[in-house]
Number of protein chains: 2
Amino acid sequence: PDLESGTAAVLRERQLTKPAGALGRLEELVQWLATWQAKHPPFINHPRTAVFAGNHGVAARGVSAYPTAVTAQMVENFIAGGAAVNQLCAAVDGDLRVYEMALDQPTQDFTEGPAMTDEAAARAIAYGMMAVEPGVDLLALGEMGIGNSTAAAALCLGLFGGEAKDWVGPGTGVEGEALVRKTAAVAEGVAVNKPAMTDPFEVLRTVGGNELAAIVGAILAARLARVPVVLDGFACTAAAAVLYAADRRALDHCVVGHRSPEPGHSRLLEIIGKQPILDLGMRLGEGSGATLAIQILKGAVACHTGMATFEEAKVSGRSA
Amino acid sequence: PDLESGTAAVLRERQLTKPAGALGRLEELVQWLATWQAKHPPFINHPRTAVFAGNHGVAARGVSAYPTAVTAQMVENFIAGGAAVNQLCAAVDGDLRVYEMALDQPTQDFTEGPAMTDEAAARAIAYGMMAVEPGVDLLALGEMGIGNSTAAAALCLGLFGGEAKDWVGPGTGVEGEALVRKTAAVAEGVAVNKPAMTDPFEVLRTVGGNELAAIVGAILAARLARVPVVLDGFACTAAAAVLYAADRRALDHCVVGHRSPEPGHSRLLEIIGKQPILDLGMRLGEGSGATLAIQILKGAVACHTGMATFEEAKVSGRSA
């Protein structure tokens, strides 16, 4: 973190033609951007949304409302420009990259053992690191993977404890019997893999998934490259939480773009201490909420860089 | 309201490549836009932010942290492009109009009698109607006026009752003695004018102000012209509430762009039954929160119009 750039942002905010603090969270976000881009003024000229897609062995247990074929079909839809994230990305003048992770080779069903081998997990993390390339100044992360809210719930249970039902929600819309199966799969997956869960990365390996591991890699690479990160909903934040569990400061260069109605998301946000930028009932994943939140970040930067100071505009300050 | 266009929006949402309802509030906002533009699909190609500026006699009682000269100075700043709303307007490709309302002739101090004559109030309402012009497809409303959070609090007290302190907050940042003076001015203004407050418009005339009356006019004209409206913070919403008090359906074509930390705003939003789009601690007025919220509305429209349907994208539907 470059505290000097962050401080420069704070000092400039005080001179702009508005009562101190009147732009609220926008002012904090500018300070955060400057701190983690290590630049003042901060800028968002080349935001990227990276969407990682993976398939999950546990999906075979009927934990999702949609068939696993939908993961690959949605990747095609991203490529063709037909998904929500395509429209939202275009609206922020962003660059959308879709990373398809061997969809024909789903992870192992984690109720029967580890979802990934050491090698597969390491490869997925390394793959995620590729999303950070020179020129990208802000990174929004998203995922696509039928069954991954089950994996995300298992990650949270493995990392932070509690009961399976604390972390399981409807995802894309499961209810009744399917929701019971989903909760059971989460409890079983964590119980079966418990002995191997000796650190947060082992939780990721044993009950996570390819796209979730890739998100971890992208967050790490972004930190090193001074690229601030916008997280998306439950699955994305659960992946990020692996890093939080390993080091309480590891997500300081990340904000959460939106709050998902998935009940586990609010619980998780409280644990990692993040207040989302938006709260609009979005529960689509695929980086949609994170990408929409870029609009707010861009607005914050536009105010910070474009506004006149009291002196420039000859506006009087406070009376008292 | 054109329920047919609203229904067409709902029907299309169901076919788009996402679980039903997964875009949350974005889907509702699209339905609302279609209903009030009376068009499907709805569009936001020419949004306008109209900022009305007026001065208040009650400001002479020391109820604000800033001198009244700031109203005119900020109008100059809007014209020069140096204010927050200029940057936010540019970010949404919007057209900013600033309406300066005889700043050298403030309203009367309402603690001593009516703020405006019948004629002045009617003229201000009519003036506000001019903000709605052909080609504008969405209207964000804002205000600038030193002392107007005092007038807004008096409006709320006059319209909805309670005690002065329920509606008075720091505004641009008053505290201590000044806050006591502000609360007293609100209580006194409503007490003095109570006999004249025979209907909501009389409340507006006696304790409102030019820019607040203009906002009322703009909202009325927008309804007739089928232009949906985005309201801003406390002062703007208080002006709008005059119409709510007159007719419970009068603000159905309006959404509230953001929640201000001014305590009266949340209280007022509960009364008029509106959930703001953003909640980012902004308390600047000048249409800044409403204009920022246009980003979300544009994102909603982009998803609605640009996304592929399940059929187009050959994506499988729910398993069960």
Side-chain angles (χ1 to χ4, degrees), chain A residues 16-26 28 62 64-67 69-70 73-74 76-77 80-84 86-88 90-91 172-173 178 261 277-285 288 291-292 295-296 298-299 302-309 312-320, chain B residues 16-26 28 62 64-67 69-70 73-74 76-77 80-84 86-88 90-91 172-173 178 261 277-285 288 291-292 295-296 298-299 302-309 312-320:
Chain A
L16 300 177
T17 43
K18 57 179 173 54
L23 283 174
R25 187 95 195 262
L26 300 195
E28 293 167 34
S64 175
Y66 289 82
V70 167
Q73 290 165 353
M74 282 301 296
E76 289 305 312
N77 197 22
N86 295 97
Q87 323 314 317
L88 296 170
T172 49
I277 295 174
L278 301 173
D279 189 352
L280 295 166
M282 296 169 71
R283 50 180 175 81
L284 180 55
S288 55
T291 304
L292 186 59
Q295 297 284 18
I296 305 301
K298 285 185 99 164
C303 288
H304 186 75
T305 51
M307 281 177 74
T309 63
E312 286 162 1
K314 300 190 176 55
V315 172
S316 309
R318 289 176 68 102
S319 310
Chain B
L16 300 177
T17 43
K18 57 180 172 54
L23 284 174
R25 189 95 195 262
L26 301 194
E28 291 167 37
S64 177
Y66 289 82
V70 167
Q73 290 165 355
M74 282 300 295
E76 289 306 312
N77 197 22
N86 296 97
Q87 323 315 317
L88 295 171
T172 50
I277 296 173
L278 301 174
D279 189 351
L280 295 166
M282 296 170 71
R283 51 179 174 80
L284 180 56
S288 55
T291 305
L292 186 59
Q295 296 284 20
I296 305 300
K298 286 185 97 164
C303 288
H304 187 75
T305 52
M307 282 177 74
T309 61
E312 285 161 2
K314 302 190 175 56
V315 172
S316 309
R318 288 176 68 101
S319 309

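The analysis underlying the following values was restricted to heavy atoms, covering all of them including side chains, and did not include hydrogens, waters or symmetry mates. Chain naming here is simple, since letters A, B, ... match the order of the sequence lines and numbering starts at 1 in each.
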Side chain, backbone, both or neither: which part of A:Ala20 has a heavy atom under 4.5 Å from chain B?
backbone

Could you report the tightest heavy-atom contact between B:Met282 and A:Leu23, atom names first, then the distance?
CG-O, 3.6 Å

I'd like to check the side chain to side chain donor-acceptor pair (under 3.5 Å) partners of A:Ser316; sequence neighbours left out, ordered by chain and number.
B:Gln73

Test side chain to side chain contact (heavy atoms under 4.5 Å, CB included) applied to B:Glu28 - qualifying residues, sequence neighbours left out:
B:Arg25

With a 4.5 Å cut-off on heavy-atom pairs, point out which of A:Ala91, A:Ala83, A:Gly285 contacts chain B the most.
A:Ala83

Worked verdict on B:Asp279 versus A:Asp279 for side-chain contact (heavy atoms from CB on, under 4.5 Å):
CA-CA 8 Å; B:Asp279 189 351; A:Asp279 189 352; over 6 Å; no

Heavy-atom distance under 4.5 Å to chain B: side chain of A:Leu278, backbone, both or neither?
side chain

Residue A:Ile277 versus chain B: region with a heavy atom under 4.5 Å:
both

Taking all atoms of both residues into account, what is the closest heavy-atom pair of B:Gly82 and A:Thr17, and its distance?
O-OG1, 3.5 Å

Give, as side chain, backbone, both or neither, the part of B:Ala84 having an atom under 4.5 angstrom from any heavy atom of chain A.
both

Side chain, backbone, both or neither: which part of B:Lys314 has an atom under 4.5 Å from a heavy atom of chain A?
backbone

Counting heavy-atom pairs under 4.5 Å to chain A, which of B:Gly317, B:Gly81, B:Ala69, B:Gly299 comes out on top?
B:Gly317

State, to 0.1 Å, how close B:Thr172 and A:Arg318 come at their nearest heavy-atom pair, and which atoms those are.
O-NH1, 4.0 Å

Which one, A:His304, A:Arg283, A:Lys18, leads in non-hydrogen pairs under 4.5 Å with chain B?
A:Arg283

With chain B as the partner, which of A:Gly62, A:Pro261, A:Gly281 has the greatest number of non-hydrogen pairs under 4.5 Å?
A:Gly281

